[in-house]
Amino acid sequence: MGPVRPSETTDFIRCPRLWQYKHVEGWEPPASAWTPERLVGTALHNALGAYWLRYDDPSRWVYQSFNTGWPSDAPLEFSRDALESHALKVFDKVLAWIAKEMPDAQPVMVEESLDAEGHTIPDLVTREEGDMLTVTDWKYSAHIAPDRIRYRLENIDRTHQFLHYCWAVGEHLGTPVQAFRKVVIVGGPRIVVKAATFMPTPEMLNQWLTGARGMWQDMSEMRDGTKVAYQREAGCRMYGPKWPCVYEAACWDCYGDRKKME
């Protein structure tokens, strides 16, 4: 069994039953109400990609993202002009952070796929501080209380997605990744940019790869019915009661009955 894209494996880690409903059977939960947070995050990612690709005036990608992503039926409570202006302010704040914290970074890969399926796509790979191969991941949140930001920067050396990126980039380029950086970008209540870094070691990645291969094999066997995709109850409310798993009703109200789920 070959590598499985990080986002899919992350769903499996949360709950194999969630993974089965979403990635094997293709069930989709009811659409949630539109909010601009994802659009602002997309605009920032696009503008940052343009910046590292050395395009002229990367801020234009903020406007372009809003042109293509703003729905015609957006709720009146949201002002496109205000959100666009805010996204530009956040982008400027990130650029100032880059100038200070990554002054000598030279881009190697910018949002390039590392597999044939086009799924494993790290945000940025650079060479820094004497040819150190570094992977950077941008994470945007519209609002985080100041005293909660530090939690977004903890235990990043135990995050499957990040370890997968370190391993996959090293395999792709034929040289080990020496540093991984997670950059947390917060839009409010005030704009904040903070980062945490870890240095992956061969021992760390070997241990991760052993566990990952076991999960990839389990997914393969669950996909073909050799194993049962069981529930992992801790995954139902792992982000707190306000953000339950979107498949919770399928498990606990419908008990997996496909006709009820419809």
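- In this structure a side-chain-to-backbone donor-acceptor pair under 3.5 Å is present from Asp257 to Lys260.
- Contact record, Asp131 with Gln178: O-OE1, 3.5 Å, taken as the closest heavy-atom pair.
- Looking at residues two or more places apart in sequence or on another chain, you find a ring-ring contact (aromatic ring centres under 6.0 Å, His included) between Phe12 and Trp19.
- Checked by atom type and distance alone, the side chain of Ser141 never pairs as donor or acceptor with a backbone atom of Ile144 at under 3.5 Å.
- Using a 4.5 Å cut-off on side-chain heavy atoms (C-beta onward), Cys251 and Cys245 make no contact.
- At least one side-chain heavy atom of Arg258 sits less than 4.5 Å from a side-chain heavy atom of Glu25.
- A distance of 12.5 Å separates CG in Asn46 from OG in Ser59, rounded to the nearest 0.5 Å.
- Within the 4.5 Å cutoff, no side-chain heavy atoms of Leu83 are placed close to those of Asp81.
- In summary, the aromatic rings of Trp34 and Phe78 are positioned with their centroids under 6.0 Å apart.
- Arg14 contributes a side-chain N or O that, together with a main-chain N or O of Gly235, makes up a donor-acceptor pair within less than 3.5 Å.
- With rounding to the nearest 0.5 Å, the separation of CE in Met222 from CE in Met215 is 11.0 Å.
- Considering all non-hydrogen atoms of both residues, Cys15 and Arg232 come closest at SG-N, 3.3 Å.
- Between Phe91 and Trp61, a ring centre-to-centre spacing not shorter than 6.0 Å is recorded.
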Candidate pair Met219 and Thr9, rule side chain to side chain contact (heavy atoms under 4.5 Å, CB included), full reasoning: CA-CA 9 Å; Met219 282 187 270; Thr9 307; 3.7 Å; yes
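- In this structure the side chain of Thr134 never reaches within 4.5 angstrom of the side chain of Val125, judged on heavy atoms.
- Here ring pair (Phe, Tyr, Trp, His ring centres under 6.0 Å) pairs that include residues 95-115, with residues two or more places apart or in two chains, number zero.
- Minimum heavy-atom separation, Pro241 to Pro244: O-CD, 3.6 Å.
- Distance check: Thr210 OG1 to Gln207 CD gives 7.5 Å after rounding to the nearest 0.5 Å.
- Residues Leu39 and Ser65 share a closest heavy-atom pair of CD1-O, 3.5 Å.
- Distance check, rounded to the nearest 0.5 Å: CG of Leu48 to CG of Asp123 gives 8.5 Å.
- The closest side-chain heavy-atom distance from Arg237 to Glu248 is below 4.5 Å.
- The shortest side-chain heavy-atom distance between Thr126 and Val108 does not fall under the 4.5 Å cut-off.
- Across all their heavy atoms, Arg181 and Met102 have their closest contact at NH1-CE, 3.4 Å.
- Of the possible polar contacts, none joining the Tyr165 side chain to the Pro6 backbone as a donor-acceptor pair under 3.5 Å is found.
- Ring geometry for His160 versus Trp216: interplanar angle over 60°, hence perpendicular rather than tilted (30 to 60°).
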query: Run the side-chain hydrogen bond (donor to acceptor under 3.5 Å, both in side chains) check on Arg80 and Asn67 step by step: do they pass?
result: CA-CA 10 Å; Arg80 172 174 170 173; Asn67 284 337; 2.4 Å; yes
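- No side-chain heavy atom of Val186 sits under 4.5 Å from any side-chain heavy atom of Lys194.
- At least one donor-acceptor pair under 3.5 Å links the side chain of Glu37 to the backbone N or O of Ala142.
- A 4.5 Å side-chain heavy-atom check between Leu124 and Trp138 finds at least one atom pair inside the cut-off.
- Environment of CZ in Arg190: sparse, with no more than 12 heavy atoms of neighbouring residues, nucleotides or ligands closer than 6.0 Å.
- Taking a cutoff of 4.0 Å between a charged side-chain nitrogen and a carboxylate oxygen, Arg148 and Glu154 do not qualify as a salt bridge.
- Between Ala87 and Val62 the shortest heavy-atom distance is CB-CG1, 3.9 Å.
- Looking at Lys259 and Glu262, no side-chain N of the basic residue comes within less than 4.0 Å of a carboxylate O on the acidic one, giving no salt bridge.
- Taking the six-membered ring for Trp and the full ring otherwise, Trp208 and His164 have centroids separated by under 6.0 Å.
- Distance CG/Asp11 to NE2/His23: 3.5 Å, rounded to 0.5 Å.
- Here the OG1-CD distance, from Thr136 to Glu101, works out to 11.5 Å after rounding to the nearest 0.5 Å.
- The number of heavy-atom neighbours closer than 6.0 Å to OH of Tyr63, taken from other residues, nucleotides and ligands shown, is 12 or below.
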